[in-house]
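A short worksheet on the structure shown next.
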Protein chains: 2
Amino acid sequence: MNGPGDTAPLAHRVPDLGAMELLLAVARHGSLGRAARDLGITQPAASSRVRSMERLLGVALVERSPRGSRLTAEGVLVTDWARRVVEAAEAFEAGAQALRGRRDSRLRVAASMTIAEYLLPGWLIALRSERPGTAVSLSAGNSAVVAERLLSDEADLGFVEGLGVPAGLDSAVIGHDRLFVVAAPSHPWARRRHPLLPAELAATPLILREPGSGTRQVLDAALAAHGGLAEPLIELSSTTAVKASVVSGAGPSVLSELALGEELAARRLVQIPVEGVRLRRDLRAVWRQGPLPAGPARDLLSLTRPT
Amino acid sequence: MNGPGDTAPLAHRVPDLGAMELLLAVARHGSLGRAARDLGITQPAASSRVRSMERLLGVALVERSPRGSRLTAEGVLVTDWARRVVEAAEAFEAGAQALRGRRDSRLRVAASMTIAEYLLPGWLIALRSERPGTAVSLSAGNSAVVAERLLSDEADLGFVEGLGVPAGLDSAVIGHDRLFVVAAPSHPWARRRHPLLPAELAATPLILREPGSGTRQVLDAALAAHGGLAEPLIELSSTTAVKASVVSGAGPSVLSELALGEELAARRLVQIPVEGVRLRRDLRAVWRQGPLPAGPARDLLSLTRPT
DNA sequence: TGGGCCCATAAGCTGGAGTTATGAGCATGA
DNA sequence: TCATGCTCATAACTCCAGCTTATGGGCCCA
C-alpha cells in the first residue's frame with residue numbers, strides 16, 4: 001500500500017484532519033476568525049494552524065486582508081483535495097458509530113461485508129442528515145449470518161449481495177453490482193486486443209476469496225456453462241488481500257466494482273473486457289417476511305434506491 | 001458540509017491519520033511491533049495508540065496474542081474505512097507535492113480545474129509508483145490558460161475538457177466526462193416518472209458556473225438546438241459553491257459526473273434522467289504541436305488511457 | 001532451560017496546539 | 001475626525017498527547 005520511495009509516515013507529510021476541517025471552514029466563511037468560532041477554537045489558534053499548514057505544503061493557501069480571508073488559486077485546489085479526505089473521515093465516523101452502539105440502538109442493521117464496507121457509511125451519513133436522532137448499530141457477515149440475525153430478531157434490516165433470497169425473508173432489489181475481471185497492468189491480459197472469452201476465463205487459475213463468498217458464488221454460476229471454474233491459483237480470506245495479490249502481479253482475479261474504485265482510477269489494476277457472460281448480481285435489502293419495515297428501518301430503506 | 005447535530009469537530013471523534021496508518025500497518029504485518037517498526041516508532045507507542053483508538057471507537061479492533069495480533073471482525077471493517085481515508089490523504093499529498101515544486105521540477109503539468117481536482121492526484125500516485133524519481137509541478141486554469149502555458153514553454157503537458165483543441169496544440173482523447181442534471185432530493189424533478197425533455201431543461205433557470213467554464217460551454221452547445229439556455233438562476237465561481245446551492249434546494253444544475261461522486265452516493269443530490277440530448281465531453285491531453293512528448297510527460301500520458 | 005518472539009505497563013520528556021492579552025490595518029458612520 | 005467594529009498577527013504561557021526508555025510476563029521452539 002505504501003508506494004516505494006516513501007520514507008516518513010504519511011501523517012507527517014500531510015496536514016491533520018483538524019487542519020483540513022479548518023481549511024474547509026475558512027473557505028465556507030471567508031474569515032479565519034469565523035472559521036475558528038465555528039470549530040470552537042480561538043482566532044489565533046486558527047491563524048497559526050493555517051500558517052503551519054502553508055509552511056508544510058510550501059504554498060500560500062489563504063489571502064488575508066483586513067476585511068477577511070479568501071482562498072488563493074492553489075488554496076482552492078488544496079481545499080478540494082482536503083474535502084475528499086474529510087468526507088472519507090465522515091464515512092469512517094458514521095460506520096464506526098454504527099459499530100459501537102451494540103445493544104441499545106433503535107435501528108439494528110446486518111449487512112454483507114462488501115455492502116458494509118463500501119455503501120453503508122454513505123447511507124448512514126445521509127440518514128443522519130435526514131433523521132438526526134437515529135442511532136444505528138451494525139453487524140457484518142455473509143448472507144447466512146444476515147438471515148440468521150433477522151430471523152432471531154437481532155436485526156431489523158439486512159443487506160445481502162448473494163444470488164438468491166434466504167428462506168423466511170422478504171426482499172427488495174436496491175442496486176446492482178458488476179464483477180470485473182482485473183489484472184495488474186503488467187499482466188499479458190492487459191495488452192489483449194480482443195475481449196476475453198468465457199471459456200478462457202474459466203480455464204485460467206484465478207486469485208479468489210474462499211468458496212463461501214458472494215463473489216465466488218456468482219462466478220461459479222456464470223461459468224458453469226463454460227466448463228466450470230478452474231482450480232484457484234490462491235484462496236485468500238479478504239478482498240483486500242486478493243487485491244494486493246493481483247496488484248503485485250501474482251495473477252488475475254474477479255472482483256466487485258465497489259471494491260475497485262481506487263485501484264482502477266490509479267491504474268494499479270486494469271479491467272479486462274469479457275464477452276458473452278453476465279457477471280452481475282443484485283444488491284438486496286432483506287427483512288423478516290411480512291409487511292415492509294416501519295420507522296427508522298423504512299427511512300434507511302428509502303435512501304437506498306438503485307443507483 | 002457539516003451535518004446537523006454535529007457539535008465537536010470531526011477531528012475529535014475520529015482517530016487521526018497516523019492512527020489509521022498504524023491500523024493498516026498492523027493489518028499488513030500481523031503484529032503491533034512490526035507495524036511500529038514500519039512506521040518508525042517504538043512498540044509501546046503503537047500499543048498505546050491502538051488502545052486509545054479502541055477506546056475512542058468503543059470497539060475492540062485488534063486481537064492480541066503472544067504470537068502476534070490479528071484484526072477482529074469489527075477491526076476488518078474499520079480498517080477498510082480507514083484505508084479510504086488514507087488513500088484520500090495520499091491523493092492530497094500527491095497533489096500538494098505537485099503544487100509545491102514550482103520552478104525546478106522535471107515535469108510541468110497544466111490542467112483544467114476539474115481534471116486537476118479529481119483525476120490528477122490519482123495519476124500522480126500511479127506515476128510515482130512506476131517512476132519514483134519524477135518530480136511534478138502543477139498549475140490549474142481554464143483551456144486558454146493551459147494552452148498559453150504550453151505555447152510559452154511553461155508546461156510540458158496539459159489536460160483540458162473543453163469542446164475543441166486550442167490552436168497550435170496536438171491532442172489525444174484520454175477519456176470522457178458525462179454531465180448530469182442534478183437536483184436536491186426534495187426538488188419536484190426528483191419525483192418525475194419520465195425523463196426530462198431537452199426543451200424543458202433549456203427553459204429552466206439553472207444554477208451554473210460563470211460563462212467561461214467548460215461545463216457551461218458544452219451545455220450551451222447541446223441546448224442551442226432546443227431554444228438555447230435560459231438565463232441562469234444564479235452564477236457562481238466554483239463547482240463546490242454550485243453543489244452547495246443545489247443541495248440546499250435553491251434549484252437544479254448540470255455538473256460533471258467527476259464532481260458528483262460523493263453527493264450522489266450519499267443521496268444529497270439525485271440525478272435527473274434526460275433524453276434526446278448528448279451531455280458528454282472529451283477529456284484530452286494536449287501538447288505543443290509536433291511529436292508525442294518524450295520522457296516523464298510520456299510516462300504520465302501512458303497512465304491516462306480511457307477509463 | 002535459555003532465547004526468541006510477542007505484548008503490557010510505568011515513568012519521564014518534549015513539542016505542538018491551545019489559551020489570553022495586546023496591537024495594527026482598514027472600513028463605516030456619527 | 002474620531003470612535004467603533006471588523007479583520008489578522010504576535011507574544012508569552014500552559015498543558016497534555018504521544019513519544020521515548022526500561023522493564024516484566026506469556027508463549028513457543030531448539
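In the text below, chain A, chain B and the rest are named by the order of the sequence lines, each starting its count at 1.
The nearest whole Å value for the distance from the CD atom in B:E21 to the C1' atom in D:dG18 is 15 Å. When rounded to the nearest whole Å, the span between CG of B:L22 and C1' of D:dC19 equals 13 Å. To the nearest angstrom, C1' of C:dC6 lies 11 Å from CZ of B:R37. Summarising the geometry, the separation between CZ on B:R34 and P on C:dC5 is reported as 10 Å, rounded to the nearest angstrom. Distance, A:H12 NE2 to C:dG16 P: 10 Å, rounded to whole Å.
Rounded to the nearest 0.5 angstrom, B:M113 CE and B:Y118 OH are separated by 10.5 Å.
Phosphate contact (OP1/OP2 of D:dG26, side-chain N/O of B:S65, threshold under 4.0 Å): absent. A close approach under 4.0 Å does not occur between any side-chain nitrogen or oxygen of B:R64 and OP1 or OP2 of C:dC6.
Between the side chains of A:T134 and A:R106, no donor N or O sits under 3.5 Å from an acceptor N or O. Side-chain contact, A:R83 with B:T240: a donor N or O sits under 3.5 Å from an acceptor N or O.
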Check: protein-nucleotides 27-30 of chain C nitrogen or oxygen pairs below 3.5 Å:
none

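Of the residues in residues 40-57 of chain B, those placing a heavy atom less than 4.0 Å from an atom of DNA chain C are B:Q43, B:P44, B:S47, B:R51, in numerical order.
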